[in-house]
Amino acid sequence: MNDSNSLHWSFDYNYGAQNPQFAQELIGTLRGYDPEVAIRGTQTPQTITHVYNVLPNYWRGYSRGGDTETLRIGTAVIERRKNDNLWHYSVKYENTTSGENLQMQFCCSDENYRPLRSNWSINVRNSAGDEYSQLTCTGYLASDSEVRLRINGNPEIAAGRMSASVKLTCNWALFDVIPTLARTIQASGDGVDIAVLEDLEQLRLKSKLGFLESIQTPIPLDGYYLYGAGLLPSYWWLDGHGDVAIVSTFFETLVLREKMGEDV
Amino acid sequence: MNERPNILFINTDQHSWDAISAYGNPFLRTPNIDELHRNGTSFRRSFCTDPVCAAARSSWATGLYTSETGVPFNGGYLRSEIPDLGQLLNAGGYQAFHCGKWHVPGRDVRESFQTLYYGQQDIGAGGAAYYDSASTHAVAGFLTNYDSDDPFYLQIGYVDPHDVCEYLHNHEEKQIPNPLEQGIVSEDDLPPLPENFDYDERETVLHRVCRRVDDALIHAAILKEVRDWDEFHWRYLRWNYYRFIEKVDAEIGRVLTLLRETSRHHNTLIIFSADHGEACGSHQMFQKFTLYEESVRVPFIVACLGDNVPVEKDRFDETHFVSGVDLFPTVCDYAGIDVPEGIQGLSVRSLVEGKDVPWRDCAYIESNYWGRAIVTDRYKYVTEYKPKAVEDFQPPGPNTDQLGLAQLFDRQNDPGETENLAGNPTYDEVVKVCRNKLFAQEARLHRQQIVHPSPKQVISNWGDRLRTYWADGG
């Protein structure tokens, strides 16, 4: 921590030009989230949903012309349910700066690393107003551990290859992988190896999850990091309930706003 | 080649010339840009026209230097009477498309190009984390759906690695521990400090006022924090910079793969370049805005992944000086379109095809309105014009009386530009030759008075500060 009045350096973006203040909005969002209420607020049985506000770090200029009452420039909604030893994910990520609204559907095995299983799909709608309005993409893992994608129904393309022993998951499954592996990561010293298919499109091999530190401000949080080739370092903070409360890169911060559903 | 080719101009932002693994940089992996190199000619003596986004991009768009375009800074404004590349291509039978970053103030990209994607609120300077993936999505849609009989020109403006600026801004007003204290990387993971981390303090006044002094004209808040950095902070900056490049390389890879899968690669010429470079710790400097090599020297690759466009492949051109003004005439050459009179650039097509043609013997670069550089085979000469007593907003030069301080570097014996030889009498003749080249180039320019209020305000404000320094003896 920098001093008693500041947040952690990995998500303290209370830059003077930001109005409203980043810290105020981050803490307000976290305080608005009541885990006790959240756990009772079941929607569909055995479906767990986390909702995150996306805040811009440093400069709100990326949300030019937007809502002046909030820094929020997007929302991420992560839903998953377990069925037949598979976790079925449905992720919605809306970003008012890019104009993109991504909907991702994928499955993972019910294992600690949540290995990604074939097939998956991405549907993107773009509201930015130029010629690009939508995109569909489906993907699967070929038998030779090659990631293959089909964009707009056209011929398949190879999106990367890995060895069969690589533990591949999706970055959106890390919201479960990190809580599940928390003790393993903490005990590992140098961290644990993992591969990530970022947004189900970009293969990031040779990545690592490690433990950062525990802090008390703004609430008790345990910090983890993810870094690797082609990835910008990201910092993942678990609250006392084992939920990812904050995810921060140098560029943006996701703050837990709402949780629904029973833990399975 | 019987038909006019499709032309794909892929540009990255703030990408230094040597930050490519095919060029021998061991600290990052760029397999997709490497593929472009294997399928084309890499010009190793490639320089931007001006090391800042809008200025350099105004040269891409027009084939002119920035004292001609009206865009000497990011706050410039492209003169309305200057035709741009999109307008010429459209008139010449091409379908001209734009996707991603444009950043040529004063010219609405949508009036010159069919725009695939330009962000929800129009892309400004940075924001790769939001825009680059979306740009690739837009291009994927384009490549899988384009069905016109006309050839296309598509320029893709990726923002990364410009997000290194956001990384730096994150350090304003707070202390971020070095990565070893953070515990997320080991010392072995980090690139070393650059060999030219130390620098010769005998720099131009313009350089010091813009980038060195406490109240530096450009990003003083970052400078304040950077002064407290230890070695590992600097090395971690370099480590992060290379991750940004790996990210954008992956986006480029998706485009190249789709180009192949849609069978357009045989008849598509690809040009890859960057608007300017990144200091990345050299001379204890960050970002661009200076005339040092890391800031002004950029990749420039001309390639074809197929066989229908004649290109010398897997080749380094170590000889010819290429500039950002050359993009415009090169594209026009391949498109079979006559360039307007007064264009400063040259088509590199003959060089790409392995032909020996007359060529310029130096590169000319401008910076921050008053800064100038000449790069020759052996030397780099950097100088500045003093602000006029009464500013008339006519870009300066050529004028011996108005010249300020100078820097001279021996590119052969001191490629890191660490010793300023300009004050050494042994090199007086070299300085004179370089100055003559500078004036000769400037005499060929059609410098235009700055008329837009935005750049005039910057020139007035900066000019006042510079005059203060000169009044204090420089």
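Below, each value reflects all heavy atoms present in this structure, side chains not excepted, and no hydrogens, waters or symmetry copies. Just so we're on the same page: letters track the sequence lines, and every chain starts at 1.
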Does any heavy atom of chain B fall under 4.5 Å from the side chain of A:L135, the backbone, both, or neither of them? side chain

So, the part of A:E201 with a heavy atom under 4.5 Å from chain B: the answer is both

Find the one option among A:N152, A:T136, A:L232 whose heavy-atom pairs under 4.5 Å with chain B are most numerous. A:L232

Measure A:Y224 against the heavy atoms of chain B and call it side chain, backbone, both or neither at under 4.5 Å. neither

List the atom of A:P233, the atom of B:W239, and the distance in Å for their closest heavy-atom pair. CG-CZ3, 3.6 Å

Backbone N/O of A:N95 and side chain of B:Y130: donor-acceptor pair under 3.5 Å: no

Taking A:S98's backbone N and O only, do any of them form a donor-acceptor pair with B:Q120's side chain (distance below 3.5 Å, no angle check)? no

Once you round to the nearest 0.5 Å, how far does CG of B:N170 lie from OG1 of A:T249? 8.0 Å

Residue B:V248 versus chain A: region with a heavy atom under 4.5 Å: neither

Drop me the distance from A:I151's CD1 to B:H137's NE2, to the nearest 0.5 angstrom. 7.0 Å

Nearest heavy-atom neighbours spanning A:D130 and B:L116: CB-O, 3.4 Å

A:G230 versus B:K247, closest heavy-atom pair with distance: O-CG, 3.1 Å

For the candidates A:G223, A:G129, A:S127, A:G210, which exhibits the highest count of non-hydrogen atom pairs separated by less than 4.5 Å from chain B? A:S127

Between A:F251 and B:A129, what is the shortest heavy-atom contact and its length? CD2-CB, 3.5 Å

Smallest heavy-atom separation, A:Y235 atom then B:Q182 atom, equals OH-OE1, 3.3 Å

At a 4.5 Å cut-off on heavy atoms, which part of A:A158 comes close to chain B: side chain, backbone, both, or neither? backbone

With a 4.5 angstrom heavy-atom cut-off, which part of A:L149 approaches chain B: side chain, backbone, both or neither? side chain

Interatomic distance, A:Y132 atom OH to B:T136 atom OG1 [nearest 0.5 angstrom]: 9.5 Å

